[in-house]
Colleague: 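Can you read through this structure? Questions will come right after.
Just so it is clear: chains get the letters A, B, ... in the order the sequence lines come, proteins before strands, and each one is counted from 1.
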Amino acid sequence: MLTISPERVSDIHALNEEFLRIVASAQSGECFGIADATFREIQALDVAAIKRIAATDLLLFSIRDYVSGSVEFDSPQGLPGLVDRLHIVARDFARDDEGLAVSYLNISKEKCNSLMRMGVTQISERAKQHSVQFIPLGTTAFRMLGQLASPSERTQYVALAAND
Amino acid sequence: MSPLPRTTDPEQARHLEEVERRIRKEADLVHLCARGARMPTIRNLIGKVSDAHIKEINRRFHGERKGAKTRGIDYFTETSHRRRDSSVIMSMYRRLIKADIPMVSLYVQLHNMYMRERTASPAFDIDELIRLTCAVDMGNIKVERCPNCGSRIVMQQNELHPDRFCFVCNSNPTSRSRVRISTAAPIEFPSEEAINKVIDELVGPIRTATELVLYGARPQEVEIFVPGQEAYARKLWPLLLGMSAKQGSHPFTSMYYIEKIERRRHAAFVIKTFKRLKNSGLQGAELFLALFRSYLGAFGGTAETMHFSRIRGIVNFYLQNEMKLVGCKICHGSYVILADELPGEQTCPTCRMFAEARRPEPAVRVAQIKAALQLSLPPLPGDLKRRRMQKKPGENHRFSTSN
C-alpha cells in the first residue's frame, strides 16, 4: 500500500466531524479563530452536510499551544477531548510513519517526537494546555468546499485554498 | 522505526521481506552488542557476522573495553544478590516465553525488564542472562520453589533446602563465603536512545533507499538523498518495480507542467504541500516521501498522476523561481504559472473542477475503481506512453491509434 490506509483516513474524517460538531454547538467562533460569517455557515449545516465536509482527508483544524499573556477563551465543551483524541491518533500515525502525521494532521515533527515518548495519561494531561484553530480557509472557500462531491477533490481544494 | 510499506504483490513482497530481514538482523546485532553479548552467542542467535563488524559496533558503545571471561554456572548463585537476580530473571523468562516472540527480541526485552529490578553489582549482561536461561533449560541449574512462600529460587544441582536461600523469607539468605571477583572493567549499558541512534545510523540508509525505490525514485535521486546507495537502488529497481532503473537526465522541462490545465493544479498542490511539510520540520528524503505519499493520496489513480521524478521536478523549478503560485479570485484556489506567463490569463483548474462537480450525473455511469487505495506500484516513468500503446480489448486494430 503506497498511500494512506483507509483506517487512517477514517480517523481523520471522524476528527473533522467532531470538530465541526463542537463548532456548531459553540456560542461563538472566536475561540477557534473562525470569522463570524464562516461560523454562521458551519452552524447552518445539517448533519448530512457536516458528514460530507468532514470526509476530507486533511484535518480542517490545527492545534496550538496556549501562549502566556494571550486572551484565553472559555474552552467549549468537548474541546479537550478532541485534542486528546487528535494526539492519540497523531501518535499512532507517527508510529507508522512520522511523515504521515506531519502531512495529514498539520502537526510538527517535533511534536510527533514528543508524543511518541508520552503515555496515554500524559497525553490527556497535555490536552488541557492546547486549543484548536480552524485552518486558514476563507468563508467563500468553506462554502465552496461543501459543493465538491469526492473526498480527494475536497482534499485538493483545502490544500489549494488555504492561505498559508 | 517505521515499517516498510506493505505490498500485495507476492514477488515484490518476497524481496521486501528479504530487505526487512536484513534490517532486522542489523538491529538485533546492535541490541546484542550494546548489552554485552560475546561473539559466539551473537553468531548462534543471528547467524554469520564478521568479527570486524561486531568489533566496530562494540567500539561505539563500550570503547576499547575487553569483556570479562566467561564464567561457570556457579557464578549465578555465588552471592545472595546474584541468586536473587537469577531467580527474578527466570521468573520473567517463564512469563515471556509464553508470548511467542523471536529469540533475540525476547532476550532483549528480558534484559530490559531485568535492568529495572537488578540488585547485583555489576549487573548481568545479556550474555550471562542467555547462559543462565540455557543452563536452566539444559538442567545444569535447577529452579525450585520456597516451601514457605512459593517464590522461585535458582539453585545449583547439589544444593538442597530452598527455604535457606529464599530472599523473601530470609533477611540474610545463605551464600558462599568465597566469591571470585572479575578483574575486567564492569560493563556500562547504554541508554535506549543511544542504541536507537546507532541502529538508525546503520539501517537508516538501507531503509530510506528501499522506500525511495518503492516509490519510483531513480537511482541518481536515491544517491542525492542517501549518499552511497545508488548501486543498491539500481539492483533493487527490477526486483521491486519489475523494470530496470531509468538512467540519464530527465526528459522534461517546466513546460511539461503547463501543457495541460490539470497539471497546473497538481503542481500547485505539490508546492503548497511542500511548503507546509518544510515548515513542520521535515527535510531530505523524509520530506519528499511524505510529499509524494500525500500527492498519491489526493491525485493517485487519475489520468495525469505524475511519478516521483516529476514531483521532485516541480519543487526544483519552484525553488529556482521558474514557477510561481497564483490565486484565483473566484474560487480562492491556487494554481501554477511559469515565470514568464501573465497571471490571470489561464483557465483556473480549480474552477474547472467545480464546473465538473456541478455537471449533472450521467444516466449510465461506468464504475470507476479508485486506484489510489489499491496502488501496488507507484506511477513510473513512461506509464502514460505504455498506456497509450496498450490495445484496448475489442478495439478494431485497423483503426487503432495505438501505433
Side-chain angles (χ1 to χ4, degrees), chain A residues 1-9 12 56-59 62 90 92-113 116-117 135-164, chain B residues 1-3 5-8 211 214-216 265-266 268-270 272-273 275-277 279-283 285-302 325 327-328 330-335 349-350 353-354 356-358 361 370 372-379:
Chain A
M1 196 103 78
L2 296 171
T3 52
I4 183 171
S5 69
E7 297 82 23
R8 295 265 172 265
V9 169
I12 300 173
T56 303
D57 302 350
L58 275 179
L59 214 58
S62 56
D92 285 352
F93 269 54
R95 278 194 181 146
D96 272 4
D97 187 332
E98 229 168 56
L100 211 66
V102 174
S103 55
Y104 283 91
L105 299 177
N106 303 325
I107 280 185
S108 69
K109 191 184 172 189
E110 200 186 350
K111 196 159 197 85
C112 282
N113 287 333
M116 277 203 286
R117 285 195 294 271
I135 54 155
L137 274 185
T139 310
T140 323
F142 184 78
R143 196 178 302 139
M144 293 180 89
L145 179 67
Q147 295 171 14
L148 294 167
S150 78
S152 61
E153 282 174 341
R154 280 193 292 274
T155 309
Q156 291 165 27
Y157 183 60
V158 166
L160 293 174
N163 308 309
D164 46 11
Chain B
M1 261 192 322
S2 60
R6 282 159 287 164
T7 173
T8 46
E211 223 173 318
L214 211 57
Y215 281 94
R265 185 152 55 93
H266 288 228
F269 179 90
V270 170
K272 289 206 101 174
T273 313
K275 288 202 293 193
R276 194 160 50 81
L277 295 179
N279 290 339
S280 305
L282 291 186
Q283 52 187 348
E286 208 180 8
L287 188 153
F288 277 89
L289 283 168
L291 174 63
F292 191 53
R293 201 171 304 144
S294 46
Y295 169 73
L296 285 185
F299 291 94
T302 60
L325 282 177
C328 169
I330 301 162
C331 70
H332 296 270
S334 307
Y335 62 92
T350 317
M353 181 171 78
F354 278 107
E356 274 166 20
R358 270 182 235 119
E361 290 267 312
K370 179 71 181 156
L373 296 175
Q374 299 171 341
L375 284 174
S376 61
L377 277 181

Colleague: What is the minimum heavy-atom distance between B:F354 and A:M144, and which atoms define it?
Modeller: CE2-O, 3.2 Å

Colleague: Looking only at heavy atoms, what is the nearest atom pair of B:F269 and A:T155, with distance?
Modeller: CE1-O, 4.3 Å

Colleague: Run the salt bridge (Lys or Arg N to Asp or Glu O under 4.0 Å) test against B:E286 and tell me which residues pass, sequence neighbours left out.
Modeller: A:K109

Colleague: Please confirm whether the backbone N or O of A:S103 pairs with a side-chain atom of B:R276, one donor and one acceptor, at under 3.5 Å?
Modeller: yes

Colleague: Quick check: closest heavy atoms across B:R293 and A:Y104, and the distance to 0.1 Å?
Modeller: O-OH, 3.8 Å

Colleague: Check each atom of B:R265 against the heavy atoms of chain A and say whether the ones under 4.5 Å are side chain, backbone, both or neither.
Modeller: both

Colleague: CG/B:L325 to CG/A:L160 distance, rounded to the nearest 0.5 angstrom?
Modeller: 8.5 Å

Colleague: Indicate yes or no for a side-chain donor-acceptor contact from A:Y157 to the backbone of B:C331 under 3.5 Å, with no hydrogens or angles considered.
Modeller: yes

Colleague: For a quick test of reading the model, state the closest non-hydrogen atom pair linking B:A357 to A:Q147 and the distance between them.
Modeller: CB-O, 4.1 Å

Colleague: Select one option (side chain, backbone, both, neither) describing which atoms of B:S294 are under 4.5 Å from chain A's heavy atoms.
Modeller: both

Colleague: Is there a side chain to side chain contact (heavy atoms under 4.5 Å, CB included) between A:D97 and B:E211 once you walk through the steps?
Modeller: CA-CA 12 Å; A:D97 187 332; B:E211 223 173 318; 4.0 Å; yes

Colleague: Could you look at A:I107 and say if it's the side chain, the backbone, both or neither that has a heavy atom under 4.5 Å from chain B?
Modeller: backbone

Colleague: How far does CG of A:L58 sit from OG1 of B:T273, to the nearest 0.5 angstrom?
Modeller: 7.5 Å

Colleague: Can you name the residues that form a ring pair (Phe, Tyr, Trp, His ring centres under 6.0 Å) with A:F93, not counting sequence neighbours?
Modeller: none

